[in-house]
Amino acid sequence: AYSILAKRYIVTPALALRDHLRVLAEGDFRQRLTNRGRHDEFAEITDSVNLVSERLGTVVTRLHEVAHEMVGASNQMEASSEANLSLLQQQQQETAQASTAMTEIAQTIEDIARNASHTAAQAQTADQQTEHGNRLVGDVVAAMHDLAERVDTSTSAVRTVEQDAAQIGSVLEVIQG
């Protein structure tokens, strides 16, 4: 009877928690643990793991979004750089032409200045997005440390409950004779 109770109230929830943490470690933050009406330490641990899972999922999703935005910004910068290179090559050809092309060269220089300003603004945006991504990575690392601390605390609590259950079992065996 004791082993059935220990399995139901200690081992089964501990194994479910372990399995869920493995799923989290593989990067699946969509699944959630259920308390099944429990109001004990395992219910608190389950709630904490679900909260960490949800927050990590949000952070990872945002990281993917930021990474996608950064790729887009990078592609825009590349296209802008190629356009600038093309304009520079055009300017070199035009400088070799006759004096009647001077007005056209002045216009091209003005276009290059606008594109360079635009490129600088895009580079600043990319820097800001990179900084934001770095902050998000820091948040993920902090959340993982928090999760590790909670798992350590939970493991200690499970061990204590397991030792207490073993002592109660010994007392019950002595009482039952």
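Enclosure of atom CZ in R18 by more than 12 non-hydrogen atoms of other residues, nucleotides or ligands within 6.0 angstrom is indicated.
For the pair M144/V141, no side-chain contact is recorded, criterion being any heavy-atom separation below 4.5 Å from C-beta on. Contact of the I45 side chain with the L17 side chain is registered, since non-hydrogen atoms from C-beta on lie closer than 4.5 Å.
Rounding to the nearest 0.5 Å places CG of N84 at 11.5 Å from CD of Q89. Distance check, rounded to the nearest 0.5 Å: CZ of R159 to OG of S154 gives 11.0 Å. Remark: L172 CG to Q167 CD distance equals 12.0 Å, nearest 0.5 Å. To the nearest 0.5 Å, atom OG1 of residue T125 and atom CD of residue Q122 are 7.5 Å apart. Here R22 contributes atom CZ and E26 contributes atom CD; the two are 9.0 Å apart, rounded to the nearest 0.5 Å. Going from atom OG1 of T46 over to atom CG of D40 covers 8.0 Å, rounded to the nearest 0.5 Å.
Remark: the backbone N or O of E82 is not paired with any side-chain donor or acceptor of S86 at under 3.5 angstrom. A donor-acceptor contact shorter than 3.5 Å is absent between the side chain of T108 and the backbone of Q91. Under the 3.5 Å distance criterion, the side-chain polar atoms of S53 are left unmatched by any main-chain donor or acceptor of V49.
For residues 113-129, the set of pairs meeting the salt bridge (charged side-chain N to carboxylate O under 4.0 Å, His left out) definition, not counting sequence neighbours, comprises E110-R114, D111-R114. Within the structure, no pair that satisfies the salt bridge (charged side-chain N to carboxylate O under 4.0 Å, His left out) test touches residues 168-177, not counting sequence neighbours.
Checked against salt bridge (Lys or Arg N to Asp or Glu O under 4.0 Å), D146 has the following partners two or more places apart in sequence or in another chain: R150. T130 meets the side-chain contact (heavy atoms from CB on, under 4.5 Å) test with M70, N134; sequence neighbours excluded. For E41, there are no side-chain hydrogen bond (donor to acceptor under 3.5 Å, both in side chains) partners two or more places apart in sequence or in a different chain. Among residues two or more places apart in sequence or in another chain, the side-chain contact (heavy atoms from CB on, under 4.5 Å) test is passed with H132 by R62, V66, R135, L136.
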Criterion side chain to side chain contact (heavy atoms under 4.5 Å, CB included) on L88 and Q92, from CA distance to verdict: CA-CA 6 Å; L88 284 172; Q92 288 175 347; 5.8 Å; no
Pair H20-N50, side chain to side chain contact (heavy atoms under 4.5 Å, CB included): steps then yes or no: CA-CA 9 Å; H20 184 72; N50 284 338; 4.1 Å; yes
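For F42 against I10, the heavy-atom pair with the smallest separation is CZ-O, 3.6 Å. Scanning both residues, A143 and L56, for their nearest heavy atoms gives CB-CD2, 3.7 Å. When all heavy atoms are compared, the tightest approach of L63 to G133 is CD2-O, 3.8 Å.
Two different hydrophobic clusters hold I105 and L87 under the rule that ILVMFWY side chains link at heavy-atom gaps under 4.5 Å. The hydrophobic cluster containing V23 does not contain V151, counting ILVMFWY residues as joined when their side-chain heavy atoms lie under 4.5 angstrom apart, directly or transitively. Connection of L24 to V59 is established within a shared hydrophobic cluster, with ILVMFWY side chains joined at heavy-atom distances below 4.5 Å, either directly or through further cluster members. Both L21 and F29 are part of a single hydrophobic cluster, where members link through side-chain heavy atoms under 4.5 Å apart.
There is no side-chain donor-acceptor pair under 3.5 Å between H145 and E149.
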